[in-house]
Amino acid sequence: QDNNGKEYSHSILRLVEGQLLTMLSYRKRGAMVHRKDSSRAIIAIYCSFFLLLYLLCYAYPQLSASLTLEDGPVEWLGALALLLAAIGFASCARKSRWYILLALFCFFAFAEEISWGQRLFGFSSPTFFRQWNTQDETNLHNLAFVSGLDKDGQKLPWWGNLITAGRIFTLCCFSFGVFIPWGVHFSTFVKKQVEKWNFPLLPTNIAYLFLWNYLLFRLFFTWQKVQEHSCNEIKESAYGVALFICAYTLLKKEKTATS
């Protein structure tokens with residue numbers, strides 16, 4: 001009877017253990033499905049919102065111009081997104097030194113976007129920037145010969161647009177958000193290098209944020225010839241928001257890994 005009782009107890013324990021494992025597996029699957037759904041929702045909202053802004057450039061240029069003024073809502077949306085991205089990346093700095101570099105990159109982009117607080121604090125541009133900045137602002141990305149313009153604000157020939165601040169910023173965003181995640185997905189060599197250097201890895205679907213913004217900009221600016229200033233402001237803001245989504249995604253990933 002004792003043996004029968006022990007066997008009966010063990011069978012009950014195995015049954016309970018099996019049920020608990022099943023419940024845990026369902027919870028994990030549910031969490032994975034929830035994360036996928038939330039990621040898709042974020043991407044869908046992002047794509048819809050910035051499509052609307054680009055459409056405003058085409059259909060309602062005056063309204064778009066008012067939204068994309070200097071220190072306007074579109075510019076501040078991108079600037080604040082960059083600042084939050086910098087904070088998010090800095091929060092993960094203990095996990096990898098690359099997060100420090102990403103945080104500095106986003107903070108530098110934020111500071112450049114608001115001209116290092118020039119209009120916010122009301123200080124005038126130093127002599128160097130008054131002479132060489134095409135908008136008389138205290139920032140580097142609008143300096144002559146790195147903005148695609150000369151110091152008089154006139155467009156440079158094609159060779160003057162090969163290497164600009166905007167192109168360098170776009171290349172950095174695409175390297176982080178598109179080339180590396182997709183490179184890891186399709187190449188064993190790239191995957192080994194990313195693991196070796198402990199580089200923060202984004203999910204492959206994040207690439208759609210950067211690709212969507214680039215394609216919309218090309219569609220409305222290059223092909224439809226809509227307002228250049230408005231399109232550029234929307235493009236910069238969209239990249240800023242995309243970087244914030246990257247920081248948020250990696251912050252959640254690092255917290256999940258440690259929990």
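For Tyr214, the OH atom is loosely surrounded, since the number of other residues' heavy atoms within 6.0 Å does not exceed 12. Within 6.0 Å of OH on Tyr60 lie no more than 12 heavy atoms contributed by other residues, nucleotides or ligands. Applying the 6.0 Å contact sphere to CG of Leu211 captures more than 12 heavy atoms from other residues, nucleotides or ligands. Around atom OH of Tyr46, more than 12 heavy atoms belonging to other residues, nucleotides or ligands sit under 6.0 Å away.
Rounded to the nearest 0.5 Å, atoms NZ (Lys255) and OG (Ser91) are 7.5 Å apart. Expressed to the nearest 0.5 Å, how far CD1 of Ile43 lies from OG of Ser48 amounts to 11.5 Å. For the atom pair CZ of Phe244 and CG of Leu82, the computed distance is 11.0 Å after rounding to the nearest 0.5 Å. To the nearest 0.5 Å, atoms CG (Leu84) and CG (Leu251) are separated by 11.5 Å. In this structure, CG in Leu69 is found 6.5 Å from NE2 in His229, a value given to the nearest 0.5 Å. Distance check, rounded to the nearest 0.5 Å: OG1 of Thr249 to CD1 of Ile206 gives 4.0 Å.
Taking both residues in full, the closest heavy atoms of Thr68 and Ser64 are given as OG1-O, 2.8 Å, listed atom of the first, atom of the second, then distance. Between Ser96 and Pro200 the shortest heavy-atom distance is OG-CD, 4.3 Å. Closest approach of Phe89 to Ala247, counting heavy atoms only: CE2-CA, 3.6 Å. Contact between Leu202 and Cys246 at its shortest, heavy atoms only, is CD1-SG, 3.6 Å.
Partners of Asp71 according to the salt bridge (Lys or Arg N to Asp or Glu O under 4.0 Å) rule, which considers only residues two or more places apart in sequence or in another chain, are Arg119. Tyr99 meets the ring pair (Phe, Tyr, Trp, His ring centres under 6.0 Å) test with no other residue; sequence neighbours excluded. Take Arg130 and apply the side-chain hydrogen bond (donor to acceptor under 3.5 Å, both in side chains) test, not counting sequence neighbours, and it matches Thr127. Looking at residues two or more places apart in sequence or on another chain, you find no side-chain hydrogen bond (donor to acceptor under 3.5 Å, both in side chains) involving Ser124. Remark: Lys155 engages Glu228 in a salt bridge (Lys or Arg N to Asp or Glu O under 4.0 Å) (not counting sequence neighbours). Shown here are the side-chain hydrogen bond (donor to acceptor under 3.5 Å, both in side chains) partners of Ser147, two or more places apart in sequence or in another chain: there are none. Residues passing the side-chain hydrogen bond (donor to acceptor under 3.5 Å, both in side chains) test with Thr138 are Gln118, Ser125, sequence neighbours excluded.
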Residues Phe217, Phe50; criterion side-chain contact (heavy atoms from CB on, under 4.5 Å); working and verdict
CA-CA 10 Å; Phe217 176 76; Phe50 284 102; over 6 Å; no

Evaluate side-chain contact (heavy atoms from CB on, under 4.5 Å) for His141 paired with Ile168, printing each intermediate quantity in order.
CA-CA 10 Å; His141 69 277; Ile168 294 171; over 6 Å; no

side-chain contact (heavy atoms from CB on, under 4.5 Å) for Leu140 and Phe129? Distances and angles first, verdict last.
CA-CA 8 Å; Leu140 299 177; Phe129 290 100; 4.1 Å; yes

Please tabulate, one pair per line, all N/O donor-acceptor pairs under 3.5 Å involving side-chain atoms of residues 234-243, not counting sequence neighbours.
from: Ser237; atom 1: OG; to: Val74; atom 2: O; distance (Å): 3.1
from: Ser237; atom 1: OG; to: Gly78; atom 2: N; distance (Å): 3.3

Return a table of donor-acceptor pairs under 3.5 angstrom between the side chains of residues 173-190 and protein atoms on other chains or two or more places apart.
from: Ser175; atom 1: OG; to: Leu171; atom 2: O; distance (Å): 2.8
from: Trp182; atom 1: NE1; to: Thr204; atom 2: O; distance (Å): 3.1
from: Ser187; atom 1: OG; to: Phe189; atom 2: N; distance (Å): 3.4
from: Ser187; atom 1: OG; to: Val190; atom 2: N; distance (Å): 3.3

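A distance-only check finds no donor-acceptor pair linking the side chain of Gln135 to the backbone of Asn142 [under 3.5 Å]. One N or O on the side chain of Ser66 and one on the backbone of Leu63 form a donor-acceptor pair closer than 3.5 Å. At least one donor-acceptor pair under 3.5 Å links the side chain of Trp98 to the backbone N or O of Trp197.
Among pairs with a residue in residues 80-102, none fulfils salt bridge (Lys or Arg N to Asp or Glu O under 4.0 Å), at least two apart in sequence or across chains. Within the structure, no pair that satisfies the salt bridge (Lys or Arg N to Asp or Glu O under 4.0 Å) test touches residues 178-189, not counting sequence neighbours. Applying the salt bridge (Lys or Arg N to Asp or Glu O under 4.0 Å) test to every pair with at least one member in residues 42-65, sequence neighbours left out, gives no pairs at all.
Between Trp116 and Phe110, the ring center distance fails the sub-6.0 Å criterion. For Tyr54 and Tyr58, the ring centers are positioned 6.0 Å apart or more.
Taking 4.5 Å as the limit, some side-chain heavy atom of Leu201 sits within range of a side-chain heavy atom of Lys253.
Residue Phe107 is grouped with residue Phe121 when hydrophobic side chains (ILVMFWY) are merged at heavy-atom distances under 4.5 angstrom, including chains of intermediate members. No continuous path of ILVMFWY side-chain contacts below 4.5 Å connects Ile45 to Leu53, so the two sit in separate hydrophobic clusters. In the hydrophobic clustering of this structure, Leu250 groups with Leu101; members are Ile, Leu, Val, Met, Phe, Trp, Tyr whose side-chain heavy atoms approach within less than 4.5 Å, directly or through other members. Linking Ile, Leu, Val, Met, Phe, Trp and Tyr residues whenever their side-chain heavy atoms come within less than 4.5 Å places Tyr248 and Leu209 in a single cluster. Both Val146 and Phe128 belong to a common hydrophobic cluster when Ile, Leu, Val, Met, Phe, Trp and Tyr are linked at side-chain heavy-atom distances under 4.5 angstrom.
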